[in-house]
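The block underneath contains the structure these notes are about, expressed in structure tokens.
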Number of protein chains: 2
Amino acid sequence: MSLHLRPGQALKLWHDSVLDLVHLDESGLTVRQLSILLTVYLELPPHTVRGVAQKLKVTKPVITRALDSLGRLELVARRRDPADKRNVLIQRTVKGALFVEKLGDFMVNRAQMLPS
Amino acid sequence: MSLHLRPGQALKLWHDSVLDLVHLDESGLTVRQLSILLTVYLELPPHTVRGVAQKLKVTKPVITRALDSLGRLELVARRRDPADKRNVLIQRTVKGALFVEKLGDFMVNRAQMLPS
DNA sequence: CTCGATTGTTACGCAACCGATATAGAGCAC
DNA sequence: GTGCTCTATATCGGTTGCGTAACAATCGAG
């Protein structure tokens, strides 16, 4: 089953949800950082710096810096890969899970409030 | 008619759309800037600095600076309100309209691609 | 064991953003 | 006109992000 959405609905949904995010936002998140966060929480582990960089089509230092920020906020955590110690595994945190969950709630609620 | 969305669907939709945005993004947009952009293009004019600041719950200098950036990218334009010259009216541009339209397309397409 | 390849991080110079405060211009009441 | 209010912008110091390039640690083939 595919979900049918008209452009006007889609844009309003995006607008409303982003507005909720901005209101929640104590953090000053970047679109890139948000993208990394969602990738880590929605796609299957393991997540490495290189892997995420490829997925977003950005350079590795961008990911490293974003992980610094997200780590400071305790939204993700870093761990060395014991199998290949060159790798860094990006891991989920309780705080990050709650944050992402809240994002989902925003969108679900805003979708329900959409006019026909 | 309200639109029903499960949390998992909503989050995936957000993730996919944001990913598209990051890929498109030559600009390094902030969540706040994105929020301003969508507000200007989705809500009824006129838009003033003060009005948008209230809507986003941020201070006016934040809006002024964001308009500097968005203006540099030609995504919005500024104009003095002839009726009350204290006001600045935030106006849409062709480039901005195309950008927002593309955002809508991203989301519509991603919604269609959602698994059941 | 050695050497090249791979991974993530750091360093550097630069630009943008932030919050807070101060300022300039315009309206409005009287 | 005189004050007072309102709007947006300018300015300040500090923080953060970016791209490029160099770097240390690790792996793996030979």
Side-chain angles (χ1 to χ4, degrees), chain A residues 18-19 21-40 45-92, chain B residues 18-19 21-40 45-91 99:
Chain A
V18 167
L19 201 59
L21 175 56
V22 171
H23 286 165
L24 169 68
D25 197 14
E26 316 108 18
S27 52
L29 238 50
T30 289
V31 174
R32 280 183 181 174
Q33 291 171 346
L34 179 61
S35 171
I36 295 172
L37 193 63
L38 289 172
T39 296
V40 169
H47 300 286
T48 66
V49 172
R50 174 159 187 75
V52 175
Q54 281 178 333
K55 174 139 313 227
L56 301 203
K57 296 179 185 163
V58 297
T59 60
K60 288 185 291 177
V62 168
I63 306 298
T64 294
R65 282 185 294 250
L67 292 182
D68 290 342
S69 305
L70 294 173
R72 248 178 267 130
L73 298 168
E74 297 178 77
L75 296 178
V76 300
R78 270 190 271 218
R79 207 183 116 225
R80 277 282 164 197
D81 183 351
D84 183 341
K85 292 176 191 164
R86 290 174 301 181
N87 289 331
V88 160
L89 301 179
I90 309 170
Q91 299 193 303
R92 302 170 185 172
Chain B
V18 167
L19 201 59
L21 174 57
V22 171
H23 287 164
L24 169 68
D25 199 12
E26 319 105 18
S27 52
L29 238 50
T30 289
V31 173
R32 279 184 182 173
Q33 291 172 346
L34 179 62
S35 171
I36 294 173
L37 193 64
L38 289 173
T39 296
V40 169
H47 301 286
T48 66
V49 172
R50 173 161 185 74
V52 176
Q54 281 179 333
K55 174 136 315 226
L56 300 203
K57 296 178 185 164
V58 297
T59 60
K60 288 184 287 178
V62 168
I63 305 297
T64 294
R65 281 186 294 251
L67 291 182
D68 290 342
S69 305
L70 294 174
R72 247 177 270 131
L73 298 169
E74 296 178 79
L75 296 178
V76 301
R78 270 190 272 218
R79 206 182 118 226
R80 276 282 163 198
D81 184 352
D84 184 341
K85 291 177 189 163
R86 290 175 301 180
N87 290 332
V88 160
L89 303 179
I90 309 170
Q91 300 192 304
F99 183 87

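We name chains A, B, ... by the order of the sequence lines, and we start the count at 1 in each one. A quick note: this is a predicted structure, and the numbers were derived from the prediction, not measured.
Here A:S69 reaches the OP1 or OP2 of D:dG17: one of its side-chain N or O atoms lies under 4.0 Å away. Between B:T64 and D:dA8 there is no side-chain N or O to OP1 or OP2 distance below 4.0 Å. At the phosphate of D:dA25, neither OP1 nor OP2 sits under 4.0 Å from any side-chain N or O atom of A:R86. Neither OP1 nor OP2 of D:dT26 sits under 4.0 Å from any side-chain N or O of A:R80. Between B:N87 and D:dA8 there is a side-chain polar atom (N or O) within less than 4.0 angstrom of OP1 or OP2. In this structure, A:Q33 does not reach the D:dT16 phosphate: none of its side-chain N or O atoms is under 4.0 Å from OP1 or OP2. At the phosphate of D:dA8, neither OP1 nor OP2 sits under 4.0 Å from any side-chain N or O atom of B:R78. For B:R32 and C:dG19, the shortest distance from a side-chain N or O to OP1 or OP2 is below 4.0 Å. Considering only side-chain N and O atoms, A:R65 lies under 4.0 angstrom from the phosphate OP1 or OP2 of D:dC18.
When each of A:L34, A:L75, A:I90 is checked for a side chain to side chain contact (heavy atoms under 4.5 Å, CB included) with A:L70, only A:L75 meets the rule.
B:L29 places its CG atom 16 Å from the P atom of D:dG17, with the value rounded to the nearest Å. Rounded to an integer number of Å, the gap from A:D81 CG to D:dC27 P is 9 Å. Put simply, NZ on B:K57 is 15 Å from P on C:dG19, counting in whole angstrom units. Summarising the geometry, the separation between CZ on A:R79 and C1' on C:dT7 is reported as 17 Å, rounded to the nearest angstrom. Computed from coordinates, the B:I63 CD1 to C:dG19 C1' distance equals 14 Å when rounded to whole Å. Atom NZ of A:K85 is separated from atom C1' of D:dA24 by 15 Å (rounded to the nearest Å). Taking atom CZ of residue A:R72 and atom P of nucleotide D:dT15, one finds them 11 Å apart after rounding to whole Å. Rounded to whole Å, the distance from CG on B:L67 to C1' on C:dC17 is 14 Å.
Looking at heavy atoms from C-beta onward, B:D81 lies out of side-chain contact with B:V88 at the 4.5 angstrom threshold. Under the 4.5 Å side-chain criterion, counting only non-hydrogen atoms from C-beta, A:R86 is not in contact with A:T48. You'll find the side chain of B:L29 reaches within 4.5 Å of the side chain of B:F99, heavy atoms only.
Closest-nucleotide positions on DNA chain C for A:D84 and A:P61 were compared, and the one nearer the 5' end corresponds to A:D84. Each of B:L89 and A:A83 was assigned the nucleotide of DNA chain D with the nearest heavy atom; the assignment lying further toward the 5' end belongs to B:L89.
Closest heavy-atom contact between A:R92 and A:V40: NE-O, 3.0 Å. Across every non-hydrogen atom of B:I36 and B:A66, the tightest pair is CD1-CB, 3.4 Å.
For B:K60, counting side-chain heavy atoms from C-beta on, the closest listed nucleotide (C:dA26, D:dT9, C:dT9) is D:dT9.
Nucleic acid contact class of B:T30 (heavy atoms, under 4.0 Å, all strands): none.
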